[in-house]
Amino acid sequence: MNTLTVHLAEKSYPIFLGPVAESGPSLDRFCAGRNVLFAADSNTRAWQRPVLDLIEKSAMHLECFTFPAGEASKTIDTVLRMIEQASRANFGRDALFIAFGGGVCGDMTGFAAAIYMRGIPFIQIPTSLLAMVDSSIGGKTAVDTVFGKNLIGAFHQPLAVYIDTDFLKTLPERQFRNGMAEIIKAGVLGAPELYRMLKQTSMEKLRADRTLLETAVFQACDLKRRIVEQDECETHSSIRVRLNYGHTFGHAVELLSGFSLNHGESVAIGMDMAAQYAFEEGLCSREFLLSQRGLLQRYGFDLNAGNGLSPEEILRAMFHDKKNRHGKIRVILPESVGTVLVQEIPDPKKLEMFLRKYLAEVRS
Ligand code: GLY
């Protein structure tokens with residue numbers, strides 16, 4: 001079992017990477033003598049029993065809260081139902097919430113834990129690749145509103161994160177690829193060794209080789225750990241915000257595709273757009289642009305999937321991004337593998353022209 005520690009003074013916590021059943025002693029220790037609410041989405045039923053057995057061994061009392069899998073569940077109503085169940089069972093501030101599922105489950109359970117009795121501890125046990133390498137680490141918790149994703153939320157760090165790549169055995173290929181976009185992003189952002197490894201392997205090999213997959217997940221988590229340690233609450237103008245590489249373009253593409261493109265598929269297009277824009281601005285080399293494009297395509301991302309979307313509407317959606325300041329769009333642009341910078345776009349017309357050209361070209 002590999003362990004990383006996110007160093008945040010009194011809020012520091014471990015990330016355990018390995019079979020969750022083998023981490024029994026530490027999960028026991030966190031649950032011992034506590035009331036535990038286990039929140040899980042309906043997709044995870046097949047994996048729940050061994051984890052529940054571990055919790056039941058030491059918890060004082062266990063409540064299970066299950067909700068339908070999918071973004072539609074990520075609402076304040078689901079959080080209220082979770083909290084009401086804890087209240088009915090008379091859970092106090094010493095209770096523990098455990099999130100068992102993908103990003104929706106982790107974000108929502110973390111938010112419930114952040115506000116229940118003004119904040120109680122919670123543990124993340126992510127079951128999707130996307131949640132393992134991104135959302136389970138760093139304490140961003142939230143629910144959606146009709147106005148957009150993650151608009152109600154809080155920073156609330158977990159007590160521990162358990163990453164067991166065995167849960168990915170039944171993850172459909174498209175969902176696996178969804179998480180791969182964040183691993184590739186981590187490589188570009190600040191893990192050149194990971195980037196090189198991804199260049200040499202493939203999604204098929206990663207899916208088939210537990211050690212290889214754990215190495216990639218470990219390096220992506222380690223990059224996120226380093227960034228979160230420097231800028232926990234994204235207050236610095238250019239540290240944690242870098243984790244949004246590919247996301248400003250990507251979120252707009254995801255939204256305008258009517259969510260027919262998932263997060264990873266959209267972020268992959270967003271990274272390619274950011275690199276093409278950076279190249280045209282003289283920030284990165286053609287070699288980097290083509291290297292990243294080749295890597296994204298190697299992992300099966302269709303970089304033409306956004307073609308046909310309206311450049312005007314993409315630009316409009318980018319104006320709603322949470323990273324924008326003083327009404328100006330801010331994007332994360334690459335310089336080379338391991339170096340990205342945050343840049344304000346002074347001229348939206350130029351960006352629109354760029355989008356028009358990008359969306360008309362076919363990349364093969
Ligand atoms: N997923 C971006 C962040 O955690 O900051």
Side-chain angles (χ1 to χ4, degrees), residues 4 6-8 11-13 15 71 74 99 101-111 113-114 122 124 126 128-144 148-158 160-161 163 175 178-191 194 216-255 262-271 274 318 320-325 330-334 340-342:
L4 286 165
V6 184
H7 296 282
L8 292 171
K11 286 184 277 176
S12 299
Y13 55 94
I15 303 170
E71 193 75 26
K74 198 175 161 186
V104 167
C105 182
D107 283 10
M108 194 165 63
T109 308
F111 182 59
F122 83 111
Q124 293 268 22
S128 73
L129 185 58
L130 188 68
M132 288 177 189
V133 296
D134 188 29
S135 57
S136 66
I137 303 163
K140 278 191 179 175
T141 75
V143 291
D144 304 336
K149 284 170 82 166
N150 300 328
L151 290 187
I152 305 176
F155 283 97
H156 188 52
Q157 299 295 338
V161 183
I163 297 179
Q175 284 310 318
N178 197 9
M180 277 314 304
E182 295 289 349
I183 297 184
I184 295 172
K185 180 202 80 178
V188 178
L189 263 190
L194 171 61
V217 170
F218 182 88
Q219 291 188 19
C221 291
D222 196 36
L223 182 270
K224 178 130 192 195
R225 171 195 69 77
R226 279 185 270 134
I227 291 182
V228 168
E229 283 177 354
Q230 292 168 56
D231 182 19
E232 183 194 352
C233 297
E234 208 169 301
T235 42
H236 195 283
S237 61
S238 64
I239 301 182
R240 186 163 179 167
V241 72
R242 282 185 294 147
L243 288 168
N244 290 295
Y245 174 50
H247 286 58
T248 312
F249 290 106
H251 278 154
V253 167
E254 189 181 1
L255 181 74
N262 68 26
H263 182 73
E265 289 161 349
S266 309
V267 166
I269 295 172
M271 284 194 272
M318 288 175 80
H320 287 287
D321 193 89
K322 287 202 284 301
K323 293 184 300 301
N324 295 345
R325 296 289 177 272
R330 284 202 307 166
V331 287
I332 324 301
L333 299 174
V340 296
L341 50 86
V342 186

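Remember, it's 1-based here, ligands and their atoms both numbered in the order they're listed. This one's a predicted model, so the numbers in the text were calculated from it and none came from an experiment.
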- Looking only at side chains, do Gln219 and Asp222 share a donor and an acceptor under 3.5 Å apart? no
- Message: Do His247 and Glu182 pair up side chain to side chain, a donor and an acceptor below 3.5 Å, judged on atom types alone?
- Response: yes
- Item | Identity and separation of the nearest protein heavy atom to atom 4 (O) of ligand 1 | Lys224 NZ, 2.5 Å
- Which part of Ile137 is near ligand 1, with near meaning a heavy atom under 4.0 Å away: side chain, backbone, both or neither? neither
- Taking both backbone and side-chain atoms of Lys140, is any N or O found less than 3.5 Å from an N or O belonging to ligand 1? yes
- Message: Closer than 4.0 angstrom, basic N to acidic O: yes or no for Glu229 and Arg226?
- Response: no
- Task: Name the option, out of His247, Arg240, Glu234, Glu182, that contains the heavy atom nearest to atom 3 (C) of ligand 1.
- Result: Arg240
- Can you list the ligand 1 atoms lying under 4.0 Å from a non-hydrogen atom of Asp134? 1 (N)
- Message: I'd like to check Lys224 versus Arg240 (side-chain heavy atoms, cut-off strictly below 4.5 Å). Are they in contact?
- Response: yes
- Looking at CG of Asn178 and NE2 of His263, how far apart are the two atoms once the value is rounded to the nearest 0.5 Å? 7.0 Å
